[in-house]
Number of protein chains: 2
Amino acid sequence: MTLLALYRDQWMNSVLIASSLNINPVLVRRELTLLKKGNLIESKEGKNGGVRLIKDPNTILLSDIFNLAKGEETVLSLSKNTPNPSCRVGKQINENLMLIMKTIDDSIINTLKLKTLEEFKNKF
Amino acid sequence: MTLLALYRDQWMNSVLIASSLNINPVLVRRELTLLKKGNLIESKEGKNGGVRLIKDPNTILLSDIFNLAKGEETVLSLSKNTPNPSCRVGKQINENLMLIMKTIDDSIINTLKLKTLEEFKNKF
DNA sequence: TATAACTGTAATTTAAATTATTACAGTACA
DNA sequence: TGTACTGTAATAATTTAAATTACAGTTATA
């Protein structure tokens, strides 16, 4: 997103972005799909295609990006937590932990609401 | 820690705790080592040994536990991030992300400072 | 004082999750 | 009509996390 904000006038392709991140272009395209569904970027197929921001970076909060990237999960995951249901604590722990994790996610989101992509971009 | 708070009068052993968590006792003992270094618990070796809280659960904040469990890392990790140093963004991104991640960690810790182990324990 | 039941920790194996790769249909430009 | 892209699925390779095994050291107690 920093790259897209810096080069707003250009269609940036997944190979270029992947080269900056030093990861595989397919991973980049997968992530861009999420950002596109969230209406932060648009894409153009075909030769000289790529992606670019739809919105002014001043109106994009880091929390917007975070929310799209994170999906429905909480940051601290319970996916591998399968406590013993015959234990007084185990049988209830996940619902109680989930409440805390939602609180944590909220605090992260509130922190990231204070930062715009424009501000972040200007550090480069 | 919930178990230890509920059964403060007993030495709780790693097999029992592991059975509640439904994980391997060795993992439990490794994690208990961190909590012990942080002076939240004490351990007793030998037969009928185990671990127990040192402090009153009213004086243990969830942030205390979180800090010990998390170690020196930030919650959102950069460990696999090796961006392209010949890219204007890539060469600087990790230091800028790290600043944000420290801010995020701070906000999580502040959230967890508002909750005591005693309060959490009382949900069970 | 021997045995059983623990902690503490290292080394290794196994399983799970992540990332990379390959492949290809579809689209747009020149 | 060829080239360079997106979009997406399937699979392979790699990395990380967890489980397992092992064992030295400690303590209670029969």
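So that the names make sense, note that chain A is the first sequence line, chain B the second, and so on, each numbered from 1. Keep in mind the model is a prediction, meaning the values are calculated, not measured.
Where pairing requires Watson-Crick or G-U contacts shorter than 3.5 Å, the helical stems of DNA chain C with at least three consecutive pairs are C:1-30 with D:1-30.
Atom CG of A:Leu16 and atom P of D:dA4 are 15 Å apart (whole Å). To the nearest angstrom, P of D:dG7 lies 10 Å from NZ of A:Lys37. The CG atom of B:Leu34 sits 16 Å away from the P atom of C:dT7 (whole-angstrom rounding). Taking atom CE of A:Met12 as the reference point, atom P of D:dT6 lies 11 Å away to the nearest angstrom. In this structure, A:Asn13 atom CG and C:dC29 atom C1' are separated by 14 Å, rounded to whole Å. To the nearest angstrom, C1' of C:dA16 lies 17 Å from CG of A:Leu78. Across the protein-nucleic acid pair, A:Arg52 atom CZ and D:dT6 atom P stand 14 Å apart, rounded to whole Å. C:dT27 atom P lies 16 Å from atom CH2 of A:Trp11, rounded to whole Å.
Here A:Thr59 pairs with nothing under the side-chain hydrogen bond (donor to acceptor under 3.5 Å, both in side chains) rule; sequence neighbours left out. Taking A:Phe124 as the reference, A:Phe120 meet the ring-ring contact (aromatic ring centres under 6.0 Å, His included) condition, with sequence neighbours excluded. Among residues two or more places apart in sequence or in another chain, the salt bridge (Lys or Arg N to Asp or Glu O under 4.0 Å) test is passed with B:Glu118 by B:Lys121. B:Ser86 pairs by the side-chain contact (heavy atoms from CB on, under 4.5 Å) definition with B:Asn84, not counting sequence neighbours. In this view, B:Ser14 and B:Pro25, B:Val28, B:Arg29 satisfy the side-chain contact (heavy atoms from CB on, under 4.5 Å) rule, not counting sequence neighbours. For B:Phe66, the ring-ring contact (aromatic ring centres under 6.0 Å, His included) test picks out no residue, with sequence neighbours left out.
Sequence order on DNA chain D of the closest nucleotides to A:Thr33 and A:Asn48 puts A:Asn48 first from the 5' end.
Taking 4.0 angstrom as the limit, A:Lys44 places a side-chain polar atom (N or O) nearer than this to OP1 or OP2 of C:dC29. Phosphate proximity of C:dT7 to B:Lys36: absent, as no side-chain N or O sits under 4.0 Å from OP1 or OP2. In this model, the phosphate group of C:dT7 is approached by a side-chain N or O of B:Ser14 to a distance below 4.0 Å at OP1 or OP2.
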For residues 38-45 of chain B, which side-chain N or O atoms pair as donor and acceptor with protein atoms under 3.5 Å away, sequence neighbours left out?
residue : atom : partner : partner atom : Å
B:Glu42 : OE2  : B:Arg52 : NE           : 2.7
B:Glu42 : OE2  : B:Arg52 : NH2          : 3.2
B:Ser43 : OG   : B:Lys36 : NZ           : 2.8

Distance-only criterion, 3.5 Å: show the donor-acceptor pairs between side-chain atoms of residues 95-104 of chain B and protein atoms not counting sequence neighbours.
residue  : atom : partner : partner atom : Å
B:Asn96  : ND2  : B:Gln92 : O            : 3.2
B:Thr103 : OG1  : B:Leu99 : O            : 2.9

Could you list the donor-acceptor pairs under 3.5 angstrom formed between side-chain atoms of residues 109-116 of chain B and any protein atom two or more places apart in sequence or on another chain?
residue  : atom : partner  : partner atom : Å
B:Asn110 : ND2  : B:Asp106 : O            : 3.2
B:Thr111 : OG1  : A:Ser107 : OG           : 3.3
B:Thr111 : OG1  : B:Ser107 : O            : 2.9
B:Thr116 : OG1  : B:Glu119 : N            : 3.0

Polar atom pairs between nucleotides 17-21 of chain C and protein, under 3.5 Å, N or O only, would you list them?
residue : atom : partner : partner atom : Å
C:dT18  : O3'  : B:Lys80 : NZ           : 3.4
C:dT19  : OP1  : B:Lys80 : NZ           : 3.1
C:dA20  : OP2  : A:Asn24 : N            : 3.1
C:dT21  : OP2  : A:Asn24 : ND2          : 3.2

So which protein N/O to nucleotides 23-26 of chain D N/O distances come out below 3.5 Å?
residue : atom : partner : partner atom : Å
D:dT26  : O4'  : B:Glu45 : OE1          : 2.9
D:dT26  : O2   : B:Gly46 : N            : 3.2

>> Let's go through B:Leu4 and B:Gln10 carefully: what are the C-alpha distance in whole Å and the side-chain angles of both, what is the deciding distance for side chain to side chain contact (heavy atoms under 4.5 Å, CB included) to 0.1 Å, and is it a yes or a no?
In response: CA-CA 8 Å; B:Leu4 300 198; B:Gln10 297 171 41; over 6 Å; no

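With values rounded to the nearest 0.5 angstrom, A:Ser79 atom OG is found 11.0 Å from A:Leu76 atom CG.
In this structure, a donor-acceptor pair under 3.5 Å is present between the side chains of A:Asn22 and B:Thr82.
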